[in-house]
Every structure is written in C-alpha cells, then in structure tokens.
**Student:** 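This is the structure I have questions about; it appears just below.
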Amino acid sequence: MTLDTLKTKLQQDFFTRDVLDVAPDLVGKTIVRKFANGQVKRVVISEVEAYRGEDDLACHASKGRTTRTDIMYHEGGHIYVYLIYGMHYMLNFVTSIENNPQAVLIRGVDNVLGPGRVAKLLEIDKSFHRSSLFTSDSIWLEDNVDVSSYRTDVRVGIDYAGDYWKNRPWRFIKI
DNA sequence: TGCACGATCTCG
DNA sequence: GAGATCGTGCAT
C-alpha cells in the first residue's frame with residue numbers, strides 16, 4: 001500500500017455537512033501546510049469547536065452577514081481567519097452549504113493547545129482568509145486511516161452568549 | 001469619526 | 001491577575 005492510499009485529501013462533500021457532523025469528524029484529521037520554501041508540515045487536529053449559524057449567539061454570524069462573516073455564508077471548505085485581541089489569528093474552516101453560516105475553530109493540533117498557538121505554528125495570517133482548502137497549494141486537509149475517539153465539552157470564551165448557547169457541548173477533544 | 005470589546009496568550 | 005494590541009460592528 002502506498003502513502004497516497006493512506007493519505008487522501010478531504011473533498012467538498014466532507015465539508016458540505018452540518019457543522020455538528022463535520023466538527024467531530026475533523027478530530028484526528030491531518031492539516032497539511034506547505035510553506036513558501038517548500039517545507040511541508042503535517043499536524044493532527046486534537047481539538048475543535050463548532051459555531052452554528054445566525055441563531056448561535058456565540059457564532060460571529062449571529063451579527064448577520066458583514067464584511068468579516070461573509071465567507072461563512074459560502075459553501076463548506078473555505079477558510080475563515082480573523083484577528084482576536086489585536087494579536088492572535090484564529091483558523092476556522094467553513095462548513096455546510098451556501099447561506100448557512102457555520103464554521104469550525106481549530107483549537108489544538110498534536111501537543112499544541114490554543115487556537116492562537118495553532119495559527120502561529122502553521123504561520124496562518126489574514127492572507128489565508130477566504131481561500132479554499134481544495135484549490136490552495138499551501139494548505140489542505142488529509143484523511144487518516146484510523147478514526148479518533150473524542151469527548152465533548154462546552155465552548156471556551158463565550159460567556160457573553162448567554163446560558164443556552166454557552167452550555168452547548170460543541171467542543172470536541174481528541175482522547 | 002469614535003469607541004468598546006473580543007472564539008487569547010504570556011508573564012509575574 | 002492584568003496587560004498587550006487592533007479590526008470590527010455599532011452608535012454618534
């Protein structure tokens with residue numbers, strides 16, 4: 001069996017599903033990052049969070065379609081990057097179909113925990129915002145042979161979203 | 001045109 | 001426990 005058989009690139013149909021199906025499936029998948037100098041870095045996703053539509057008060061799309069959230073209204077597989085606290089970039093993958101704004105925040109890979117640290121490790125900045133995991137030659141995702149098990153917990157840093165949304169167990173953590 | 005506030009991290 | 005640091009959304 002060749003390496004190509006073991007490592008298959010995730011395609012559109014993987015992302016064109018509800019975020020609550022995509023997010024747990026992303027745990028254990030591999031992010032491949034190819035740098036300008038040709039170096040390739042492969043990391044396994046260990047923690048993610050789901051943000052689900054305009055009704056979800058923790059989701060940025062709860063403020064409607066704005067300049068920032070516009071990409072979430074596109075088809076799954078696009079990349080959503082934003083700057084938080086004036087210094088940390090957050091890496092997200094858009095899910096679902098057009099006009100259904102959802103995204104998965106990558107909170108951890110391998111032993112690197114924290115969304116800001118992940119972006120720093122992979123050298124993700126605003127230039128990745130709105131790009132596609134299917135056409136980019138510097139970042140894409142690959143499937144893995146083994147399926148990872150996970151546990152769930154509440155999402156982090158969204159106290160403002162109110163009790164209901166704050167308590168959704170939409171964080172998925174690799175065991 | 002101004003302002004308050006983050007899907008955080010690091011240091012003390 | 002607090003400061004760093006700036007783009008965004010909303011009020012003015």
Side-chain angles (χ1 to χ4, degrees), chain A residues 10 14-15 17-31 33 41 43-97 99-133 136 139 141 148 150-175:
Chain A
L10 294 184
F14 180 90
F15 297 92
R17 297 179 292 150
D18 190 275
V19 71
L20 294 182
D21 295 318
V22 178
D25 282 357
L26 277 174
V27 175
K29 296 293 190 284
T30 299
I31 300 177
R33 174 77 171 89
K41 188 176 277 186
V43 294
V44 174
I45 297 173
S46 61
E47 184 172 327
V48 302
E49 275 175 358
Y51 289 88
R52 191 167 185 260
E54 293 184 343
D55 293 340
D56 177 3
L57 294 183
C59 181
H60 290 164
S62 64
K63 298 191 181 300
R65 189 167 188 159
T66 65
T67 308
R68 180 170 68 149
T69 65
D70 178 75
I71 193 60
M72 294 178 93
Y73 288 76
H74 287 65
E75 197 167 39
H78 288 272
I79 297 177
Y80 170 37
V81 176
Y82 66 93
L83 183 69
I84 191 67
Y85 301 115
M87 57 183 77
H88 304 294
Y89 287 107
M90 303 284 104
L91 172 63
N92 299 257
F93 301 136
V94 174
T95 71
S96 189
I97 58 175
N99 294 318
N100 190 3
Q102 306 183 338
V104 177
L105 170 67
I106 306 303
R107 294 192 57 86
V109 296
D110 296 332
N111 296 318
V112 179
L113 296 183
R117 293 174 181 167
V118 169
K120 187 179 176 190
L121 174 77
L122 298 177
E123 296 179 31
I124 299 298
D125 60 24
K126 254 329 222 325
S127 69
F128 285 81
H129 185 52
R130 300 179 67 91
S131 62
S132 165
L133 289 171
S136 172
I139 185 169
L141 295 196
S148 295
Y150 61 88
R151 66 186 175 85
T152 63
D153 204 339
V154 296
R155 294 173 291 178
V156 175
I158 55 160
D159 285 352
Y160 62 85
D163 285 342
Y164 179 80
W165 298 106
K166 198 169 81 178
N167 291 321
R168 294 309 92 204
W170 290 354
R171 179 155 56 113
F172 304 89
I173 305 147
K174 192 170 188 286
I175 298 176

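Just so we're on the same page: letters track the sequence lines, and every chain starts at 1. As the structure is a prediction and not an experimental result, all values here were calculated from the model.
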**Student:** Looking only at atom types and distance, does a side-chain atom of A:Ser46 sit under 3.5 Å from a main-chain N or O of A:Gly108, one as donor and one as acceptor?
**Tutor:**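 Pair found, side chain donor or acceptor close to backbone of A:Gly108.
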**Student:** Do the charged groups of A:Arg168 and A:Asp163 touch, with an N to O distance under 4.0 Å?
**Tutor:**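 A:Asp163 and A:Arg168: not salt-bridged.
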**Student:** Please state how far atom NE2 in A:His60 lies from atom P in B:dT8, giving the value in whole angstrom units.
**Tutor:**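 After rounding, the gap between these two atoms is 9 Å.
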**Student:** Rounding to an integer number of Å, can you tell me how far A:Arg65 CZ sits from C:dT8 C1'?
**Tutor:**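 Checked: the CZ to C1' distance equals 17 Å.
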**Student:** Mind calculating the distance between NZ (A:Lys166) and P (B:dG6) to the nearest angstrom?
**Tutor:**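 Interatomic distance, NZ of A:Lys166 to P of B:dG6: 13 Å.
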**Student:** Going through the checks in order, is the side chain to side chain contact (heavy atoms under 4.5 Å, CB included) test met by A:Leu105 and A:Met90?
**Tutor:** CA-CA 7 Å; A:Leu105 170 67; A:Met90 303 284 104; 3.9 Å; yes
**Student:** Near DNA chain C, which residues from residues 82-97 of chain A have a heavy atom under 4.0 Å away?
**Tutor:**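 Contacting residues: A:Leu83, A:Tyr85, A:Gly86, A:Met87.
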**Student:** I need the CE-C1' distance between A:Met72 and C:dT8, as an integer number of Å.
**Tutor:**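 Result: 15 Å.
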**Student:** Ring centroid separation for A:Tyr82 and A:His60, is it under 6.0 angstrom?
**Tutor:**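 When the ring centroids of A:Tyr82 and A:His60 are compared, they turn out to be within the sub-6.0 Å range.
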**Student:** Please report the distance, rounded to the nearest Å, between CG in A:Leu121 and C1' in B:dT8.
**Tutor:**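 Spelled out: CG on A:Leu121 to C1' on B:dT8 is 16 Å.
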**Student:** Looking at every strand, decide which applies to A:Arg155 at a 4.0 Å heavy-atom threshold: base, sugar-phosphate, or nothing.
**Tutor:**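 Contact class for A:Arg155: none.
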**Student:** Answer yes or no for this row: A:Tyr51 ring on B:dA7 base, centroids under 5.5 Å, planes under 30°.
**Tutor:**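 The ring of A:Tyr51 is stacked on B:dA7.
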**Student:** Could you please name the option among C:dG9, C:dG7, B:dC9 that lies closest to any side-chain atom of A:Lys126?
**Tutor:**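 In terms of side-chain proximity for A:Lys126, the closest of C:dG9, C:dG7, B:dC9 is C:dG7.
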**Student:** Check whether any side-chain N or O of A:Arg171 sits under 4.0 Å from OP1 or OP2 of B:dA7, and answer yes or no.
**Tutor:**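 It does not, given that no N or O in the side chain of A:Arg171 lies less than 4.0 Å from OP1 or OP2 of B:dA7.
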**Student:** Grab the NZ-P distance between A:Lys120 and C:dT5 for me, whole Å please.
**Tutor:**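 Result: 14 Å.
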**Student:** Please determine whether a side-chain nitrogen of the Lys or Arg among A:Glu47 and A:Lys174 lies less than 4.0 Å from a carboxylate oxygen of the Asp or Glu.
**Tutor:**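 Here A:Glu47 does not pair with A:Lys174 in a salt bridge, since their nearest N and O are not under 4.0 Å apart.
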**Student:** As a test of reading the structure: which of C:dG9, B:dG6, B:dC9 is closest to the side chain of A:Thr69, going by heavy atoms?
**Tutor:**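 Nearest listed nucleotide: C:dG9.
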**Student:** Check the distance between C:dG9's C1' and A:Asp70's CG and give it to me in whole angstrom.
**Tutor:**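 About 15 Å, once rounded to whole Å.
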**Student:** Write down the distance between CG (A:Asp125) and P (C:dC6), rounded to a whole number of angstrom.
**Tutor:**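 After rounding, the gap between these two atoms is 15 Å.
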**Student:** Which nucleotide, if any, forms a Watson-Crick or G-U wobble pair with B:dC5, using both distances under 3.5 Å?
**Tutor:**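 Pair assignment: B:dC5 / C:dG7.
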**Student:** Please determine whether a side-chain nitrogen of the Lys or Arg among A:Arg155 and A:Glu49 lies less than 4.0 Å from a carboxylate oxygen of the Asp or Glu.
**Tutor:**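 A:Glu49 and A:Arg155: not salt-bridged.
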**Student:** Indicate the ring-plane relationship of A:Phe172 and A:Tyr150, choosing parallel, tilted or perpendicular according to the 30° and 60° boundaries.
**Tutor:**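 Perpendicular: the ring planes of A:Phe172 and A:Tyr150 meet at over 60°.
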